[in-house]
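For reference, the structure is listed below as structure tokens.
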Amino acid sequence: MKHPRAVWPNAAYTQVKRPNGVVGRSVRTERWRYTEWDAGKAGAELYDHETDANEFYNLTDDPAYEKIKRELIIALKKRFPPGE
């Protein structure tokens with residue numbers, strides 16, 4: 001809070017629960033946000049905040065971003081192991 005523009009080397013993790021009971025879990029790095037809804041069964045989202053700060057373009061199905069998507073999935077699973 002003292003240095004809001006400081007570089008943060010770690011990812012941030014969030015979890016939300018929609019009124020219909022679907023849980024969304026996200027990992028956010030300096031550049032990327034990846035979210036899985038209901039462990040991916042209800043969809044996933046991948047946004048590049050460097051080029052799309054308003055999250056208009058979901059890149060999750062774009063093969064060009066498969067590597068970063070896999071890295072973020074691994075990070076998400078470490079924080080929220082399957083079955084939790």
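We're numbering straight along the sequence, starting at 1.
A salt bridge links Glu50 with Arg31: the closest approach of a Lys/Arg side-chain nitrogen to an acidic carboxylate oxygen falls below 4.0 angstrom. With respect to the salt-bridge test (charged N to carboxylate O, under 4.0 angstrom), the residues Lys69 and Glu45 do not qualify.
Residues Ala75 and Val27 come closest through the heavy atom pair CB-CG2, 4.3 Å. Considering all non-hydrogen atoms of both residues, Leu76 and Ser26 come closest at CD1-C, 3.6 Å. Across all their heavy atoms, Leu46 and Leu72 have their closest contact at CD1-CD1, 3.6 Å.
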Exercise for the section: Give the intermediate values and the outcome of side chain to side chain contact (heavy atoms under 4.5 Å, CB included) for residues Arg28 and Thr14. Expected result: CA-CA 8 Å; Arg28 174 73 162 87; Thr14 56; over 6 Å; no

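A donor-acceptor pair is defined here as one N or O able to donate and one able to accept, closer than 3.5 Å; such a pair exists between the side chain of Asp52 and the backbone of Glu55. In this structure, Asn54 contributes its side chain and Phe56 its backbone to no donor-acceptor pair below 3.5 Å. For Asn20 (side chain) and Val22 (main-chain N/O), a donor-acceptor pair under 3.5 Å exists by modelled atom type.
To the nearest 0.5 angstrom, Glu36 atom CD is 10.5 Å from Phe80 atom CZ. Distance check, rounded to the nearest 0.5 Å: CZ of Arg70 to OH of Tyr65 gives 15.0 Å. In this structure, the separation between OG1 on Thr29 and CD1 on Ile68 is 6.0 Å, given to the nearest 0.5 Å.
Under a hydrophobic clustering in which Ile, Leu, Val, Met, Phe, Trp and Tyr are joined whenever their side-chain heavy atoms come within less than 4.5 Å, directly or via other members, Trp37 and Ile73 fall into different clusters. Val23 and Tyr13 fall into different hydrophobic clusters, where Ile, Leu, Val, Met, Phe, Trp and Tyr side chains are chained together by heavy-atom contacts under 4.5 Å. Under the 4.5 Å side-chain heavy-atom criterion for grouping Ile, Leu, Val, Met, Phe, Trp and Tyr, Trp32 is connected to Tyr34 within one hydrophobic cluster.
Around atom OH of Tyr57, no more than 12 heavy atoms belonging to other residues, nucleotides or ligands sit under 6.0 Å away.
His49 and Glu30 are not linked by any side-chain donor-acceptor pair at a separation below 3.5 angstrom, with hydrogens and angles left out of the test.
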